[in-house]
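Computed over heavy atoms, backbone and side chain alike; hydrogens, waters and symmetry mates excluded. The structure displayed is predicted, hence computed values, not measured ones.
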Amino acid sequence: MIRNLLGSLVALAGAASAVLSPFRPWYDGRLGRDYRVRDLFEGITLTESGVLVSILLPFLAAAALVVLGAVLRSRLVTAFAGVVVLGFTVLWMVRQGQAAGSLAVSGDGSGLRVGVVNALAGGVLMLIGAALMRGRRSRGAGRGRRREPSGEPFAVPPADQVDTWPPTREPGMSVQTSPWPEPEVDPYTGPDPRAPGDPGDPGDPAAGEDPRDPVHPPHRPPPT
């Protein structure tokens with residue numbers, strides 16, 4: 001986030017410098033807006049140019065690309081804008097050198113002027129801003145990275161050792177995997193009430209005979 005913000009600010013500063021450059025002298029006191037775009041391809045002439053058909057036009061397009069690249073956090077769009085500014089500036093230098101015979105920088109203002117410096121600096125700042133930007137991450141790629149396992153922190157114990165999985169580091173039985181609760185164990189530890197020979201055993205013949213009949217209790221003989 002910080003890198004994208006810093007790169008966008010640097011690129012926007014470069015765009016401002018590029019757009020300002022046509023309003024400053026470029027060569028021998030002539031403003032950059034006086035050079036037509038067609039002169040960069042057909043040769044420099046002394047014909048004056050309108051603002052919207054001058055070299056300002058590609059610089060405005062590059063500035064719009066920088067704004068779009070900053071909004072979309074696109075390094076490619078921002079870098080392309082810097083290439084456009086540098087390309088048109090270098091092309092102008094080639095055509096101006098052909099027209100004047102050579103390019104020179106002199107103290108009396110008859111050579112290259114500050115407008116060319118602003119244009120070159122603007123293109124370089126756009127490229128630096130694109131390099132500083134981190135770009136826009138793909139949502140699918142980020143989601144895929146989060147789903148990747150980070151590595152198993154504990155090793156599965158061998159089959160011939162006491163089961164300690166999941167890794168509680170305490171030996172014992174394996175953790176129950178069934179969704180149903182374990183059956184409770186009868187805490188009674190005495191003899192089996194249904195053992196053979198016990199009156200409560202159904203297999204014992206005397207199991208069904210009870211001297212105390214709850215339905216027909218024994219009657220006492222009538223007194224004599």
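- Listed by first and then second residue, the salt bridge (Lys or Arg N to Asp or Glu O under 4.0 Å) pairs that reach into residues 9-21 come to none, sequence neighbours excluded.
- Remark: V124 pairs with L86, I128 by the side-chain contact (heavy atoms from CB on, under 4.5 Å) rule, at least two apart or across chains.
- Both V85 and V77 sit in one connected hydrophobic cluster of ILVMFWY residues. Membership requires side-chain heavy atoms under 4.5 Å apart, directly or through other members.
- Between A81 and V66, the shortest heavy-atom contact is CB-CG2, 3.6 Å.
- Grouped with L52 in a hydrophobic cluster is no other residue, since no side-chain heavy-atom contact under 4.5 Å to another Ile, Leu, Val, Met, Phe, Trp or Tyr is found.
- In terms of the side-chain contact (heavy atoms from CB on, under 4.5 Å) criterion, V117 has no residue partners (sequence neighbours excluded).
- Taking every heavy atom of both residues into account, N4 and R73 meet most closely at ND2-CD, 3.5 Å.
- For P58 against V84, the heavy-atom pair with the smallest separation is O-CG1, 4.1 Å.
- With contacts defined as side-chain heavy-atom distances shorter than 4.5 Å, the pair L127/V83 qualifies.
- Sorted by first and then second residue, the side chain to side chain donor-acceptor pair (under 3.5 Å) pairs involving residues 54-72 (not counting sequence neighbours) form an empty list.
- Once rounded to the nearest 0.5 Å, the distance linking CZ of R24 with CG of L31 reads 10.5 Å.
- With values rounded to the nearest 0.5 angstrom, R134 atom CZ is found 13.5 Å from L6 atom CG.
- Residue pairs meeting the ring-ring contact (aromatic ring centres under 6.0 Å, His included) criterion with at least one member in residues 49-97, sequence neighbours excluded: W26-W92, Y35-W92.
- Grouping Ile, Leu, Val, Met, Phe, Trp and Tyr by side-chain contacts under 4.5 Å, direct or through others, leaves M1 on its own.
- The two atoms that bring I44 and A99 nearest to each other are CB-CB, 3.9 Å, heavy atoms only.
- With sequence neighbours left out, the side-chain contact (heavy atoms from CB on, under 4.5 Å) criterion links L103 to Y27, M93, Q96, L112.
- For residues 10-19, there are no salt bridge (Lys or Arg N to Asp or Glu O under 4.0 Å) pairs, not counting sequence neighbours.
- For Q98, the side-chain hydrogen bond (donor to acceptor under 3.5 Å, both in side chains) partners two or more places apart in sequence, or in a different chain, are R95.
- A distance of 12.5 Å separates CG of L125 from OG1 of T78, quoted to the nearest 0.5 Å.
- Nearest heavy atoms, T89 versus A119: OG1-CB, 3.5 Å.
- Between L132 and R3, every side-chain heavy-atom pair lies at or beyond the 4.5 Å cut-off.
- Qualifying side-chain contact (heavy atoms from CB on, under 4.5 Å) partners for R36, counting only residues two or more places apart in sequence or in other chains: R38, D39, T45, T47, S49.
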Give every donor-acceptor pair under 3.5 Å between a side-chain atom in residues 9-23 and any protein atom, sequence neighbours left out.
{"from": "S17", "atom 1": "OG", "to": "N118", "atom 2": "O", "distance (Å)": "2.8"}
{"from": "S21", "atom 1": "OG", "to": "A18", "atom 2": "O", "distance (Å)": "2.6"}

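- The distance from the CG atom of L65 to the CG atom of L68 is 6.5 Å, given to the nearest 0.5 Å.
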